[in-house]
Amino acid sequence: RCSKERFVSLTDDFATGRDMQRMLAKAGFDADIVMRTGDIFSLMSLVSGGVGCSLLPARAKEVFSDKIQWLGLEHKYRHSQRIGLVCMKSRERSPNVLSLLRACRIVRTQLEKEGLKSA
């Protein structure tokens with residue numbers, strides 16, 4: 001449906017940028033990528049400004065839901081990303097790192113309850 005649209009993308013330094021290339025290739029077309037950016041917020045601003053379409057992670061939906069039309073992908077084109085928390089060993093007992101780890105576990109539990117895959 002979108003093969004004739006203009007696209008904006010994250011650079012290939014980001015997993016989402018590389019995943020977009022793979023998913024579009026799987027759909028059987030090379031996208032007309034008119035601009036690449038280095039952060040997700042600029043990408044969403046480009047989409048909301050009408051510069052082009054993009055593939056965005058579902059977790060970004062709440063940020064611009066009133067300015068972007070979100071269309072779900074057909075099941076065969078859906079893709080998941082694995083996200084991990086990495087820190088220096090000397091900071092592994094830091095209260096901030098422990099708090100972030102607890103928050104990650106809470107989100108994982110919520111995703112599992114919703115039936116979404118998590119690692």
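Quick note: numbers below take in every heavy atom, side chains included, and nothing from hydrogens, waters or symmetry partners.
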Hydrophobic cluster identity match, [X] and [Y], side-chain contacts under 4.5 Å:
| X | Y | value |
| --- | --- | --- |
| Ile40 | Leu71 | no |
| Val34 | Leu46 | yes |
| Leu101 | Met88 | no |

Where is the tightest heavy-atom contact between [X] and [Y], given as atom of each residue plus distance?
| X | Y | value |
| --- | --- | --- |
| Val47 | Cys53 | CG2-C, 4.3 Å |
| Phe7 | Ala31 | CD1-CB, 3.6 Å |
| Ser54 | Ser9 | OG-CA, 4.3 Å |
| Ile33 | Gln21 | CD1-NE2, 2.9 Å |

Taking the side chain as C-beta and beyond, is there a heavy-atom pair between [X] and [Y] under 4.5 Å?
| X | Y | value |
| --- | --- | --- |
| Leu55 | Asp19 | no |
| Arg36 | Asp12 | yes |
| Thr37 | Leu10 | yes |
| Asp32 | Glu5 | no |

task: Please report the C-alpha distance between Arg105 and Arg108 in whole Å, then the side-chain angles of each, then the deciding distance to 0.1 Å, and finally whether the side chain to side chain contact (heavy atoms under 4.5 Å, CB included) criterion is met.
output: CA-CA 5 Å; Arg105 288 180 176 146; Arg108 180 185 65 196; 4.2 Å; yes
Tell me if a side-chain donor or acceptor on [X] pairs with a main-chain N or O of [Y] at a distance below 3.5 Å.
| X | Y | answer |
| --- | --- | --- |
| Ser99 | Pro95 | no |
| Thr11 | Gly38 | no |
| Ser94 | Asn96 | yes |

field: Gap between atom CG of Leu100 and atom CZ of Arg102 - 0.5 Å precision
entry: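 Reported value, rounded in 0.5 Å steps: 10.0 Å.
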task: Measure the CD1-OG distance between Ile68 and Ser45 for me, rounded to the nearest 0.5 Å.
output: 8.0 Å
